[in-house]
*Asks:* 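There's a structure below that I have some questions on.
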Amino acid sequence: MNIFLIPFTPLRHTAVAAACAGFCLIGWWLFLTVCWMGAPWAQRWDGAVYLGAVAGCAGGGSLLAEGALRRWPLWKRGGLSALAMVLSLLFTIANYWMWTGLLGPLIFGPELADPSLVSLRHRVFAWMAAGLGAGTGAMLARKFKGGFSHLAGGLLSGLIGGLVWYVVGYSAYPFAKDLFWAGALGAVAFGVAFGLFAWGVPDELYAGWLRVLTETRHGRRIPIDAPDGLPRERFVGHFPRGLDLFLPADDGVLELHISVLVNRSGEFRARGLSLQRTVVRRFLERIDLSYDKRRPAPLDTRLSSGDRIVLGMPGQEAVVEFLMLPREER
């Protein structure tokens, strides 16, 4: 997990999902290895230990991925990951036996305690209990940050993992009836869903930048964010002193043309400060920010990574691009 290799797009969240899926697959493999060598637990514990291993690897893998992205020290990264893994394992086993030994028999009858019963409507709740255990363990390790997303994402990951496990292992589809692949793919589906819904790569790991695309100062870029995290505004124009980004007047840029700011909520916005043509271009959208003398304040719009701001008239114009890059780019 390297923040430099994860661009600021919606697909960045799949990086955590892939990591959690890999850890869950390792948990499934370790479970089978222990069973092959001779499991030290009774057979009726197989379901609890299997789900506990998958949930523990999902919770611990999520913290390990976060630690790598945030560049935590190794002791903190390993400690919090181990804590999340142990908590997820314990909560999953407790939830499993609370369902199979207490709540489930009250709802579906005493036959639910039979480990050979594999119908979907009976076992999918055990998977959801495992997802709740993984979400609870990761949430406690993160000191209750993102509590709802952890619990809801955990329940959803358990539901998805249980469905895949049942379809591959026990349904009547032609490719089914394979318990080996059912355990593997169920664990992978659990990890993918947990990585997608419980914790994703946060925006705070990225910072806003302005980059010049025209020939005159091609490649010149400046950061928008302040190092202390406070609101900040950057000004662009050709005034010779005091501006954050200088662009020559020959490119159609006025003395004070635009400004780009980040507010207290972390939102990036562009403001048009001149009567000259100022256009923000993005996919299927074009926004004119030229200053209107009839208005008491300049026009502004929210910026997204990849937006281009065109300054000046066609044939004599400058183009700057707004980008979200890892904060470590500084």
Side-chain angles (χ1 to χ4, degrees), residues 3-17 196 200-226 229 231-238 243-330:
I3 191 65
F4 287 104
L5 302 179
I6 304 176
F8 188 82
T9 66
L11 290 177
R12 68 185 184 275
H13 301 297
T14 60
V16 181
L196 283 176
V201 181
D203 295 352
E204 65 192 46
L205 295 180
Y206 296 85
W209 291 74
L210 274 184
R211 181 180 65 165
V212 181
L213 298 182
T214 45
E215 282 187 21
T216 309
R217 305 202 71 192
H218 182 76
R220 169 67 177 172
R221 64 182 186 179
I222 60 170
I224 307 301
D225 297 70
R232 188 173 191 176
E233 188 169 11
R234 293 286 203 169
F235 295 91
V236 180
H238 79 249
L243 292 181
D244 300 293
L245 179 59
F246 171 83
L247 295 174
D250 295 341
D251 289 340
V253 180
L254 297 187
E255 291 89 343
L256 186 61
H257 206 124
I258 63 166
S259 70
V260 178
L261 61 92
V262 55
N263 55 27
R264 293 187 180 277
S265 62
E267 183 182 52
F268 293 89
R269 305 192 71 87
R271 298 199 303 170
L273 303 177
S274 70
L275 301 175
Q276 184 65 279
R277 176 173 175 262
T278 306
V279 177
V280 176
R281 291 178 178 172
R282 59 175 67 107
F283 181 66
L284 298 179
E285 195 171 357
R286 177 182 179 277
I287 304 170
D288 189 353
L289 296 182
S290 301
Y291 187 76
D292 188 346
K293 295 182 292 186
R294 298 169 296 179
R295 286 181 168 272
L299 298 171
D300 70 332
T301 184
R302 183 174 182 176
L303 290 176
S304 301
S305 185
D307 288 352
R308 296 189 174 187
I309 308 173
V310 182
L311 314 176
M313 303 303 294
Q316 188 185 19
E317 61 186 18
V319 181
V320 296
E321 184 180 24
F322 175 75
L323 294 172
M324 294 292 289
L325 300 175
R327 288 191 179 274
E328 298 180 18
E329 283 278 351
R330 292 181 182 273

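Below, each value reflects all heavy atoms present in this structure, side chains not excepted, and no hydrogens, waters or symmetry copies. Numbering of residues begins at 1 and proceeds along the displayed sequence.
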*Asks:* So how far is it from His13 NE2 to Leu196 CG, rounded to the nearest 0.5 Å?
*Replies:* 9.0 Å

*Asks:* Could you grab the distance from atom CG of Leu303 to atom CD of Glu267, nearest 0.5 Å is fine?
*Replies:* 9.0 Å

*Asks:* Do other residues, nucleotides or ligands put more than 12 heavy atoms under 6.0 Å from the CZ atom of Arg269?
*Replies:*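 It does: Arg269 CZ has more than 12 such atoms within range.
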
*Asks:* Donor-acceptor pair, Thr278 side chain versus Leu289 backbone, under 3.5 Å?
*Replies:* no

*Asks:* So which heavy atom on Pro298 is nearest to which on Gly272, and how close?
*Replies:* CB-O, 3.0 Å

*Asks:* Which atoms form the tightest heavy-atom contact between His218 and Leu213, and what is the distance?
*Replies:*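 Answer, listing the atom of His218 first, then Leu213: ND1-O, 3.0 Å.
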
*Asks:* Find the distance between CE (Met324) and CG (Leu205) and round it off to the nearest 0.5 Å.
*Replies:*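 Rounded to the nearest 0.5 Å, the CE-CG separation comes out at 10.0 Å.
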
*Asks:* Measure from the side-chain N and O atoms of Arg232 to the backbone N and O of Asp225, and report whether any donor-acceptor pair falls under 3.5 Å.
*Replies:* yes

*Asks:* One pair to check against side-chain contact (heavy atoms from CB on, under 4.5 Å): Asp250 and Thr216. What are the steps and the verdict?
*Replies:* CA-CA 9 Å; Asp250 295 341; Thr216 309; over 6 Å; no

*Asks:* Does some side-chain heavy atom of Arg277 sit less than 4.5 Å from a side-chain heavy atom of Val310?
*Replies:* yes

*Asks:* Nearest 0.5 angstrom please: Leu254 CG to Leu273 CG, how far?
*Replies:*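 CG of Leu273 is found 10.5 Å from CG of Leu254.
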
*Asks:* Given side chains that start at C-beta, do those of Phe246 and His238 come closer than 4.5 Å, heavy atoms only?
*Replies:* yes

*Asks:* Distance from Ser259 atom OG to Asp300 atom CG, nearest 0.5 Å?
*Replies:* 8.5 Å

*Asks:* Taking all atoms of both residues into account, what is the closest heavy-atom pair of Ser305 and Phe8, and its distance?
*Replies:*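 Minimum heavy-atom contact is CB-CD2, 3.8 Å.
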
*Asks:* Ignoring hydrogens and geometry, is there a side-chain-to-backbone donor-acceptor pair from Ser290 to Gln276 under 3.5 Å?
*Replies:*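 Checking the backbone N and O of Gln276 against the side chain of Ser290, a donor-acceptor pair under 3.5 Å is found.
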
*Asks:* Under the side-chain hydrogen bond (donor to acceptor under 3.5 Å, both in side chains) rule, collect the residues that match up with Ser304, sequence neighbours excluded.
*Replies:* none

*Asks:* Applying side-chain contact (heavy atoms from CB on, under 4.5 Å), run through Ile3 and Val201 and close with a yes or a no.
*Replies:* CA-CA 9 Å; Ile3 191 65; Val201 181; 4.3 Å; yes

*Asks:* Is there a side-chain contact between Thr301 and Arg282 (heavy atoms, below 4.5 Å)?
*Replies:*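 Yes, close enough: below the 4.5 Å cut-off.
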
*Asks:* Is there a side-chain contact between His257 and Leu247 in this structure, where contact means two heavy atoms from C-beta onward sitting under 4.5 Å apart?
*Replies:* no

*Asks:* For Ile6 and Ala15, work out which heavy atoms get closest and say how close.
*Replies:*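 Closest approach of Ile6 to Ala15: CD1-CB, 3.8 Å.
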
*Asks:* Supply the atom-to-atom distance Glu321 CD to Asp307 CG, rounded to the nearest 0.5 angstrom.
*Replies:* 8.5 Å

*Asks:* Please report the closest heavy-atom contact between Pro7 and Leu5, naming both atoms and the distance.
*Replies:* CD-O, 3.5 Å

*Asks:* Before accepting this row, confirm whether a basic side-chain N of the pair Asp251/Arg217 lies closer than 4.0 Å to the acidic partner's carboxylate O.
*Replies:*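 Here Asp251 does not pair with Arg217 in a salt bridge, since their nearest N and O are not under 4.0 Å apart.
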
*Asks:* List for me each residue that meets side-chain hydrogen bond (donor to acceptor under 3.5 Å, both in side chains) alongside Glu215, sequence neighbours excluded, and say none if there are none.
*Replies:*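 So Glu215 forms no side-chain hydrogen bond (donor to acceptor under 3.5 Å, both in side chains) with any residue.
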
*Asks:* Does any part of the side chain of Leu245, heavy atoms only, come nearer than 4.5 Å to the side chain of Arg234, both counted from C-beta?
*Replies:*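 Contact flag for Arg234/Leu245 side chains = no.
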
*Asks:* Any Lys/Arg nitrogen of Arg12 or Asp203 sitting under 4.0 Å from an Asp/Glu carboxylate oxygen of the other?
*Replies:* yes

*Asks:* Side-chain contact test, heavy atoms from C-beta onward, threshold under 4.5 Å: evaluate it for Leu256 versus Leu243 and give yes or no.
*Replies:*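 Answer yes - side chains close enough.
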
*Asks:* Evaluate the ring planes of Phe268 and Phe322, with Trp represented by its six-membered ring, and classify them as parallel (under 30°), tilted (30 to 60°) or perpendicular (over 60°).
*Replies:*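 Answer is tilted, since the angle falls between 30° and 60°.
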
*Asks:* Heavy-atom distance under 4.5 Å between the side chains of Val260 and Val320, does that happen here?
*Replies:* no

